[in-house]
There are 2 protein chains.
Amino acid sequence: MSERVVPAAARQRRRPTRQGVVLSEELIVETAMRLIEEHGADALSVRRLGRALGADPSSLYRYFRHTDDLMLAIADELIGRTLRSWRPTGDWPADLRDLGLRMHAGALAHPRAAVLSAHRVTGRTYEIQAVETVLGVLRNAGFPDPEAVRVYHAFVDQALAYGALDSANTALPQAARDAEADVWRATYARLPATSHPNIAATARHLVASMRGSSYPAALDLLLTAAEARLTQIREAAGA
Amino acid sequence: MSERVVPAAARQRRRPTRQGVVLSEELIVETAMRLIEEHGADALSVRRLGRALGADPSSLYRYFRHTDDLMLAIADELIGRTLRSWRPTGDWPADLRDLGLRMHAGALAHPRAAVLSAHRVTGRTYEIQAVETVLGVLRNAGFPDPEAVRVYHAFVDQALAYGALDSANTALPQAARDAEADVWRATYARLPATSHPNIAATARHLVASMRGSSYPAALDLLLTAAEARLTQIREAAGA
DNA sequence: CTTCACAGGTCAACGGTGTTGTCATAAGGT
DNA sequence: ACCTTATGACAACACCGTTGACCTGTGAAG
């Protein structure tokens, strides 16, 4: 088989499908994201996507080499949307905090794409743009290059790691998700104080706390530490 | 269909499979972990596991209601191994630091199992034991209950999140891993300074930094913040 | 206009997956 | 030695991603 996928730019004949839809990389990614949003992460399969588009599933392989490629495209679109929704003000800790929270929220909105792409470097346009932007914020703030990279690395890893962790739950089939919620109520909240004194003493707090994400707290911690480091650097330079 | 799964304790007839293997929950979990380690996370399927065990795939449904149940069992075994290797000394920040690093190392040692299980609450024995232990460490250190739960939550989520993130790379097929490394060298390191000045300026540092894990730094950050919080609490109580 | 190469949509098939209803059989109490 | 029944085996179902071969309408060239 010769190369099946044709880059979007090189496409010349816009032939409609049997059902009259004109396919495009854009339309496919868009439809895939809609599918995920409307029917849950499990609803995304090549066959279902084909059906939703009004096209044979195998058509998609003219646009993406395999499902992984499609996921990366979705992930990059996700980065793009996050970036576009973000309005930096010039106050760097506030801007990064806002960006981090938006990345996290974006991951939760598209859990499957987030889980798949957290540990991947896509090298696509929006990802590159995001790297460039964040590095710019840090260098403008006064971080020297090696330090800027270090903070960037910590910031991005943290956002990705928590995004994946928290969205993994969302990506579970509904039944498993319900079961998981029950574990805290049914199992942990009922352990006797004799065998598990510490859990018994804190059960009430546990049930409440484990529902939410610890990302915002972790993010604040990171930014506070970065601010302190910057002050330290400035003092060392000024002295 | 009446209940198909029989709890391990209630099992009475140890009938061997056609190929002479005597099944048990333990043997199944062990074999599953071996499969994952040797042939990648994708290698774990009910059918392959059956083949590896020398049993019909459907036999496994006498031990686990569905694959998800099996995943939880694997996750719990991983927790158990980590916990058994840990020797607390009574110095709580040092102990938690040690435990965190062990959890992270455990994830890296069994990358494919870690990725699969990082985001699940198993409610099984080892997990419960781990929760009880860590909560005990914190409450003994003097954290009031709500605070202990907050720190526990942050600590555990962080270990799981970074464990999964960092092992995901390790778990990739060699070819994909090489390709990924190339993205930094081939794509990012070659962006022109005119269009991407910040990436161009820091490219050298980027390539070097993105190789390592940022978990140890993040862990130290968390523990330092917790120590500060405890001091604050003590002063408030003493005053 | 007509022609005609071929891009791009379609079809059918392959080998995989989890899961379940039913059946067979050997284990273990009597 | 018998009988119950726990537990393993089998076959089927509905799905999945992927690919090789085929067909057809598009759009450029003459």
Side-chain angles (χ1 to χ4, degrees), chain A residues 1-28 31-32 35 39-74 112 116 172-176, chain B residues 1-25 27-28 31-32 35-36 39-72 116:
Chain A
M1 188 190 52
S2 61
E3 196 47 69
R4 201 158 206 162
V5 173
V6 175
R11 232 154 244 282
Q12 12 185 332
R13 304 192 186 174
R14 327 295 13 262
R15 180 184 186 172
T17 72
R18 181 141 292 212
Q19 298 184 41
V21 185
V22 176
L23 295 180
S24 69
E25 190 170 320
E26 234 181 38
L27 178 64
I28 294 173
T31 308
L35 257 186
H39 306 309
D42 296 343
L44 190 59
S45 74
V46 177
R47 297 175 117 98
R48 257 199 269 248
L49 182 51
R51 225 177 299 139
L53 280 162
D56 190 272
S58 63
S59 309
L60 306 186
Y61 288 87
R62 301 262 183 221
Y63 294 82
F64 301 96
R65 278 204 301 282
H66 33 243
T67 23
D68 241 44
D69 261 24
L70 172 58
M71 290 301 177
L72 291 184
I74 294 175
R112 231 186 140 179
L116 242 161
L172 287 176
Q174 188 58 44
Chain B
M1 186 193 52
S2 62
E3 197 45 71
R4 203 159 203 162
V5 172
V6 175
R11 231 155 247 282
Q12 10 185 330
R13 301 190 190 176
R14 327 295 11 262
R15 179 183 185 173
T17 72
R18 183 142 291 212
Q19 298 183 42
V21 185
V22 176
L23 294 180
S24 69
E25 193 171 318
L27 178 64
I28 295 173
T31 308
L35 257 186
I36 293 177
H39 301 88
D42 296 343
L44 189 59
S45 74
V46 178
R47 295 174 118 98
R48 255 201 268 249
L49 182 51
R51 224 178 300 139
L53 280 162
D56 189 272
S58 64
S59 308
L60 305 186
Y61 288 86
R62 301 266 183 217
Y63 295 82
F64 301 96
R65 279 205 300 283
H66 31 245
T67 23
D68 216 58
D69 263 24
L70 173 58
M71 294 299 179
L72 294 185
L116 285 177

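Note that the structure is predicted; figures quoted are calculated from it, not measured. Residue numbering restarts at 1 for every chain, and letters A, B, ... go by the order of the sequence lines.
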Self-check item: Interatomic distance where CZ belongs to B:Arg47 and P belongs to D:dC15 [whole Å]
Solution: 15 Å
Quiz item: B:Ser59 side chain N/O closer than 4.0 Å to the phosphate oxygens (OP1, OP2) of D:dT7?
Solution: no
Quiz item: Roughly how far apart are B:Leu44 CG and B:Leu49 CG, rounded to 0.5 Å?
Solution: 6.0 Å
Quiz item: Within this structure, what is the CD-to-P distance between A:Glu25 and C:dG9, rounded to whole angstrom?
Solution: 13 Å
Quiz item: Using a cut-off of 4.0 Å on non-hydrogen atoms, how would the nucleic acid contact of B:Arg62 be classed: base, sugar-phosphate, or nothing?
Solution: base
Practice problem: Using the closest heavy atom to pick a nucleotide of DNA chain C for each, name whichever of B:Pro57 or B:Pro16 lands nearer the 5' end. | Solution: B:Pro57
Quiz item: Would you say a side-chain N or O of A:Arg18 is under 4.0 Å from OP1 or OP2 of C:dC11?
Solution: yes
Exercise. Report yes or no: does B:Arg4 contribute a side-chain atom to a donor-acceptor pair with the main-chain N or O of B:Tyr61 at less than 3.5 Å?
Key: no
Practice problem: Starting from P on C:dT17, measure out to CG on B:Leu60 and report it in whole angstrom. | Solution: 13 Å
Practice problem: Indicate, with a heavy-atom threshold strictly under 4.0 Å, whether A:Thr17 touches base, sugar-phosphate, or nothing. | Solution: sugar-phosphate
Quiz item: Rounding to a whole Å, what distance do you find between A:Leu53:CG and C:dG8:P?
Solution: 16 Å
Quiz item: Checking all strands, does A:Ser58 fall into the base, sugar-phosphate, or nothing category for heavy-atom contacts under 4.0 angstrom?
Solution: base
Practice problem: Measure from CG on A:Asp56 to P on D:dA21 and round the result to the nearest Å. | Solution: 17 Å
Self-check item: Base C:dG21 to side chain B:Arg4, donor-acceptor N/O within 3.5 Å cut-off
Solution: yes
Quiz item: So which heavy atom on B:Gly50 is nearest to which on B:Leu60, and how close?
Solution: N-CD1, 4.2 Å
Quiz item: Quick one: A:Leu70 CG to D:dG17 P, roughly how many Å, whole number?
Solution: 10 Å
Exercise. Provide the closest heavy-atom pair for A:Gly54 versus A:Val21 in the form atom of the first, atom of the second, distance.
Key: O-CG2, 4.2 Å
Practice problem: Would you indicate which nucleotide in C:dA26, C:dG9, C:dT19 comes nearest to any side-chain atom of A:Arg15? | Solution: C:dG9
Quiz prompt | Nearest listed nucleotide, side chain of B:Ala55, among D:dC16, D:dA9, D:dA6 | solution = D:dA9
Practice problem: Measure from CZ on A:Arg48 to C1' on D:dC16 and round the result to the nearest Å. | Solution: 10 Å
Practice problem: Please state how far atom CG in B:Asp68 lies from atom C1' in C:dG18, giving the value in whole angstrom units. | Solution: 12 Å
Quiz item: So what does A:Tyr63 touch, heavy atoms closer than 4.0 Å: a base, only the sugar-phosphate, or nothing?
Solution: sugar-phosphate
Quiz prompt | CG on A:Leu70 to CD on A:Glu25, rounded to 0.5 Å | solution = 9.0 Å
